[in-house]
Amino acid sequence: MTTPAWHHNTAIVDDGAQLGANTKVWHFSHVCAGARIGEGCSLGQNVFVANDVVIGAGVKIQNNVSVYDAVTLEDDVFCGPSAVFTNVYNPRAAVSRKSEYLRTLVKRGATLGANCTIVCGTTVGEYAFVGAGSVINRDVPDYALMVGVPARRIGWMSRNGERLGLAVRGEGEATCPATGERYRLQGDVVTRVDAP
C-alpha cells in the first residue's frame with residue numbers, strides 16, 4: 001500500500017525537499033530544501049540531510065547520521081548508527097572550501113556499519129559491506145568486505161549480506177549460503193554468475 005511521506009512533529013522538512021511515498025523521517029531530524037529522497041526510506045532520530053544530496057528508494061539511515069552536500073546514496077543502502085560522511089578533504093574553519101566539495105557515491109545495496117567514516121571523493125561499490133568503525137579512504141569494489149582504519153578488503157559478501165567463501169583476490173566461485181546465488185572472483189573483481 002502506498003502512503004504519503006511522513007515526518008514526526010519534531011522533525012524539520014524544509015519546503016522544497018522531495019520525499020517519496022512511504023518514506024518516514026523520525027524525531028529531531030532535518031531534511032534541507034534541495035534534498036531528494038526516494039520511496040520507502042527510513043531516516044532515524046537526529047538525521048541531517050543537506051541540500052545537494054540524492055537518496056534512492058528503500059534506504060535505511062539509522063540514528064545520528066549526517067548526510068552532507070555532494071553525497072549520493074543509491075537504492076537499498078543501509079547506513080548504520082553514527083556513520084559519518086565528509087565533503088571536504090582538507091577542511092579549515094577559516095578557509096571557505098564550499099567550491100571544493102568532493103562527490104561521494106554509495107552504490108545500490110551497500111551496507112555502512114555503525115560509526116564508520118566515508119572520506120569524501122570515494123565510491124562504495126554495489127552490495128559492498130563496510131564494517132563498524134572502519135574508515136574508507138579509497139574506492140571500494142562491488143561485494144567487497146572492508147574493515148579497519150584505514151579499511152582493507154578481507155573478503156566478499158553476497159547481495160544477501162552473507163560472507164562468501166572466496167579468497168581476497170585470485171580466481172574462484174562461491175555460493176551464497178542463504179540464497180544459493182553463485183558468485184565468481186576474477187582477480188580483484190566479484191560478479192554474480194547467475195545475474196539476469
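Note that this is a predicted model, so its numbers are computed, not measured.
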inquiry  = Within the structure provided, determine whether L19 and V31 are in side-chain contact (heavy-atom separation under 4.5 Å).
reply    = yes
query = With clusters built from Ile, Leu, Val, Met, Phe, Trp and Tyr whose side-chain heavy atoms come within less than 4.5 Å, directly or transitively, what are the remaining members of the cluster of Y127, listed by chain and number?
reply = Y143, W156, L164, L166, Y183, L185, V190
inquiry  = Is the shortest side-chain heavy-atom distance between V49 and L43 below 4.5 Å?
reply    = yes
ask   = Do the side chains of V13 and I37 join up, straight or via other hydrophobic residues, at under 4.5 Å, putting them in one cluster?
value = yes
inquiry  = For the backbone of T122 and the side chain of D139, can you confirm whether one donor and one acceptor N or O come within less than 3.5 Å of each other?
reply    = no
key: Test item: R159 and E181 side chains (from C-beta on) under 4.5 Å apart, heavy atoms   = yes
task = State, to 0.1 Å, how close G56 and C41 come at their nearest heavy-atom pair, and which atoms those are.
result = O-SG, 3.0 Å
query = Which atom pair, heavy atoms only, marks the closest approach of R163 to P177?
reply = O-CD, 4.2 Å
query = Under a 4.5 Å cut-off applied to non-hydrogen side-chain atoms, are V106 and F85 in contact?
reply = yes
message = Main chain of G44, side chain of N63: is a donor-acceptor contact present, judged purely on distance under 3.5 Å?
response = no
ask   = So do the side chains of I136 and T117 get within less than 4.5 Å of each other, counting heavy atoms only?
value = no
ask   = If you measure from CE on M157 to CE on M146, what distance do you get to the nearest 0.5 Å?
value = 13.0 Å
task = For side-chain contact (heavy atoms from CB on, under 4.5 Å), just list the numbers for I61 and V67, CA-CA rounded to whole Å, side-chain angles, deciding distance to a tenth of an Å, and then say yes or no.
result = CA-CA 9 Å; I61 302 177; V67 187; 4.1 Å; yes
query = So do D75 and K107 actually touch side chain to side chain, heavy atoms under 4.5 Å?
reply = no
task = Could you walk me through whether R169 and R153 pass the side-chain contact (heavy atoms from CB on, under 4.5 Å) test, one step at a time?
result = CA-CA 9 Å; R169 62 184 47 84; R153 189 174 67 236; 3.3 Å; yes
F129 side, atom CZ; L145 side, atom CG - distance, nearest 0.5 Å = 7.0 Å
message = Can you see whether N22 engages T3 through a side-chain donor-acceptor pair at a distance of less than 3.5 angstrom?
response = yes
message = Can you give me the closest heavy-atom contact between C120 and Y89, atom names plus distance?
response = SG-N, 3.5 Å
Step-by-step side-chain contact (heavy atoms from CB on, under 4.5 Å) determination, T2 to E39 = CA-CA 9 Å; T2 300; E39 297 182 359; 6.0 Å; no
request  = State whether a side-chain donor-acceptor pair under 3.5 Å links N46 with N64.
outcome  = yes
message = If you compare all heavy atoms of G148 against all heavy atoms of S134, which two are closest, and at what distance to 0.1 Å?
response = N-OG, 3.0 Å
ask   = Above 12 or not: heavy atoms from other molecules or residues under 6.0 Å from CZ of R152?
value = no
request  = Taking all heavy atoms of V119 and all of N137, pick out the closest pair and write down the distance.
outcome  = CB-CA, 4.1 Å
ask   = Between D52 and R103, is a salt bridge (charged side-chain N to carboxylate O under 4.0 Å, His left out) present by the stated rule, with each step listed?
value = CA-CA 10 Å; D52 183 18; R103 301 212 71 82; 3.1 Å; yes
query = Any link between F78 and V71 through a network of hydrophobic side chains (Ile, Leu, Val, Met, Phe, Trp, Tyr) touching at under 4.5 Å?
reply = no
task = First locate atom CD1 of I55, then atom OG1 of T72, and finally report the distance between them rounded to the nearest 0.5 Å.
result = 9.0 Å
inquiry  = Please report the interatomic distance CG(L112) to CD1(I118), rounded to the nearest 0.5 Å.
reply    = 4.5 Å
D194 with R182: basic N within carboxylate O range, under 4.0 Å = no
inquiry  = Strictly below 4.0 Å, N to O, side chains only: are D76 and K60 in salt-bridge contact?
reply    = no
inquiry  = Nearest 0.5 Å, please: how far is CZ in R184 from OG1 in T191?
reply    = 6.0 Å
key: From Y101 atom OH to T86 atom OG1, the distance as rounded to the nearest 0.5 Å   = 11.0 Å
More than 12 heavy atoms from other groups under 6.0 Å of CZ on R36 = no
key: 4.5 Å side-chain heavy-atom contact, K98 and D69   = no
request  = Determine whether the side chains of H30 and D14 contain a donor N or O and an acceptor N or O closer than 3.5 Å.
outcome  = yes
Non-hydrogen side-chain atoms of H7 and W26 separated by less than 4.5 Å = no
ask   = What's the shortest heavy-atom distance between T23 and G40, and which atoms?
value = OG1-N, 3.3 Å
